[in-house]
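Source: prediction; values computed, not measured.
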Number of protein chains: 2
Amino acid sequence: MAIDRKQLIIEAATKSFSLFGFKATTMDQVAKIANVGKGTIYTFFKNKEELFDEIISSLISEMKKAADEAMDSSLSFHEKVHRGLYQILEFRLKHQLTIKLFQEEKEMGTPAVMEVMIKLEDAILGYLKEKIVAAIEKGEIQECNPEVTAFIMLKLYVALIFDWEKRNEPLEKEEIAKLFEQYIFKGLSNR
Amino acid sequence: MAIDRKQLIIEAATKSFSLFGFKATTMDQVAKIANVGKGTIYTFFKNKEELFDEIISSLISEMKKAADEAMDSSLSFHEKVHRGLYQILEFRLKHQLTIKLFQEEKEMGTPAVMEVMIKLEDAILGYLKEKIVAAIEKGEIQECNPEVTAFIMLKLYVALIFDWEKRNEPLEKEEIAKLFEQYIFKGLSNR
DNA sequence: TAATTGACTAAATGAGTAATTCGGTCATTT
DNA sequence: AAATGACCGAATTACTCATTTAGTCAATTA
């Protein structure tokens, strides 16, 4: 069988997006890295954005897989959410592509990138929401609005992992888990 | 007594910063609005940034005053924090200057504005921290790290008031209070 | 003849630069 | 002594034009 040109293109584009970002990646460059004529790219993808989208979709799948693997059905809901969310946010910190895109979103506000970041956040929120709905059904947690709860959990994590670090010493993974438990799962009150 | 030129300048600058932002406000413009020679501004303020700073300092005082007034010593800690924080964040939504600066920070990243926004956040966090320390001493809430707790409370509020609205129907004041109570003060857990 | 290619085009970009604007000063005026 | 605005160098902006880029399509290849 001949070489899988589509796969070559995806790999080349992923490499280039990770290295230079979306805007600074040219289709000529992708074609060259993939050892493929530029026209060939357009037989598989309608345009640059669609190529980008396909790459992001696999990224989202990878994230879900990583989160699922970090969970263990024997764990409490609280531990599950903590490990899953932490895994997803670690992903952001470790994978070149997500780092580059995060930076490009902030610094240049490239529209295609902004769009894709919203998609990414939606995927995380949807994933979380599923877990929350299941936990309510199983009676593991109180009745609550799953949408708002997913939103609060994600924001709290992002704040603790990314925002806190901007002005303070980073928090340890265990500290974050403890804070998460203390606030979301126990509450501060004395009564 | 002759007209208070310093006050005129402050008022003119506040108006212009509110209307056009920091960067787009020129000292000539401020002088013209204040009906004052440009040189006069420099007898009261070292430079444009110092003028800006003085305006922000009064803004912070105003915020503190508004928050204090919204609290009532007969209220529970939870109600106090909710009302105080809500007041402060309402302030942001209602006052032209804070709206403009918030926008300028995001869209243009003007250095002087970024600096001032950090100062503003620090003021809010410091204020919150004080209230938390007092509440721990009085036994109204559990032992906790006041810095982190203030940070979490502010982030949660900002998320619920500003970020949630970006993609969903705004939450009512009462809903926010309820969510705040449910998560920070009671916790989600069933155990 | 179906898949692949790269020269080509119109549109977008950005480097270079000329012109303008701005923050801050200070000699003059009030 | 206080206030002013013309003035200055630095910074920003507006503009131009050469280059680059996404996407097309006629020619080529297998």
Side-chain angles (χ1 to χ4, degrees), chain A residues 1-56 100-101 104-105 107-116, chain B residues 1-56 100-101 104-105 107-116:
Chain A
M1 158 185 130
I3 34 168
D4 183 350
R5 288 188 155 74
K6 184 170 178 184
Q7 199 49 42
L8 283 180
I9 291 164
I10 289 176
E11 277 160 26
T14 303
K15 194 187 275 182
S16 187
F17 287 146
S18 300
L19 237 40
F20 311 112
F22 176 80
K23 202 166 170 240
T25 289
T26 69
M27 295 304 259
D28 279 304
Q29 203 177 101
V30 173
K32 198 185 256 173
I33 298 175
N35 265 311
V36 136
K38 185 162 58 152
T40 308
I41 300 177
Y42 289 88
T43 65
F44 295 114
F45 303 96
K46 212 173 86 240
N47 52 39
K48 192 180 175 184
E49 281 203 38
E50 213 174 68
L51 169 59
F52 188 41
D53 248 35
E54 185 146 332
I55 289 170
I56 296 300
K100 196 76 205 175
L101 293 181
E104 192 173 349
E105 183 191 25
E107 288 176 11
M108 332 185 41
T110 316
V113 175
M114 313 265 306
E115 226 171 80
V116 133
Chain B
M1 160 186 129
I3 34 168
D4 182 349
R5 288 188 154 72
K6 185 171 177 183
Q7 199 50 41
L8 284 178
I9 291 164
I10 289 177
E11 276 160 26
T14 304
K15 194 187 276 181
S16 186
F17 288 146
S18 300
L19 237 42
F20 310 112
F22 175 80
K23 202 167 170 237
T25 289
T26 70
M27 295 303 260
D28 280 304
Q29 203 176 103
V30 173
K32 197 185 258 174
I33 297 175
N35 265 312
V36 138
K38 185 161 59 151
T40 308
I41 300 176
Y42 290 88
T43 64
F44 295 113
F45 304 96
K46 212 173 86 239
N47 52 38
K48 192 180 176 185
E49 282 204 37
E50 212 172 70
L51 169 58
F52 188 41
D53 248 36
E54 184 145 333
I55 289 172
I56 296 298
K100 196 76 205 175
L101 293 181
E104 192 173 349
E105 183 191 26
E107 289 175 13
M108 331 186 39
T110 315
V113 175
M114 312 266 303
E115 224 171 81
V116 135

Kindly compute the distance separating [atom1] ([X]) from [atom2] ([Y]), expressed to the nearest 0.5 Å.
X        : Y        : atom1 : atom2 : value
Leu8(B)  : Ile41(B) : CG    : CD1   : 11.0 Å
Leu19(B) : Thr14(B) : CG    : OG1   : 11.5 Å
Ile33(B) : Thr25(B) : CD1   : OG1   : 7.5 Å

Please determine whether a side-chain nitrogen or oxygen atom of Arg5(B) lies at a distance below 4.0 Å from atom OP1 or OP2 of dA2(D). no

Per the side-chain hydrogen bond (donor to acceptor under 3.5 Å, both in side chains) rule, what does the pair list look like for residues 29-51 of chain B, sequence neighbours excluded?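 Those involving residues 29-51 of chain B are Ser16(B)-Gln29(B).
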
What is the minimum heavy-atom distance between [X] and [Y], and which atoms define it?
X        : Y         : answer
Ile55(A) : Ile10(A)  : CD1-O, 3.9 Å
Phe52(A) : Ala112(A) : CE2-O, 3.8 Å
Ala31(B) : Gly37(B)  : CB-C, 4.1 Å

What is the distance, rounded to the nearest whole Å, between atom NZ of Lys6(B) and atom P of dA2(D)? 14 Å

Rounded to the Å, how far apart are Ile41(B) CD1 and dA2(D) P? 18 Å

Please list, for nucleotides 5-9 of chain D, all pairs of protein and nucleotide N/O atoms separated by less than 3.5 Å.
| residue | atom | partner | partner atom | Å |
| --- | --- | --- | --- | --- |
| dG5(D) | N7 | Gly39(B) | N | 3.4 |
| dG5(D) | O6 | Gly39(B) | N | 3.3 |

Kindly state which residues belonging to residues 44-55 of chain A come within less than 4.0 angstrom of DNA chain C, counting heavy atoms of the residue only, listed by number.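 Residues of residues 44-55 of chain A under 4.0 Å from DNA chain C: none.
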
Contact residues, residues 10-27 of chain B to DNA chain C [heavy atom, < 4.0 Å]: Thr25(B), Thr26(B), Met27(B)

Does the Glu104(B) side chain pair with the main chain of Val113(B), one donor and one acceptor, at a distance under 3.5 Å? no

Taking 5' to 3' order, which nucleotide of DNA chain C is first and which is last to have an atom within less than 4.0 Å of a heavy atom in chain A? dT4(C) to dG14(C)

Would you mind listing every salt bridge (Lys or Arg N to Asp or Glu O under 4.0 Å) that reaches into residues 13-23 of chain B, with sequence neighbours excluded? none

Check: Phe45(A) and Ile9(A) side chains under 4.5 Å, non-hydrogen atoms: yes

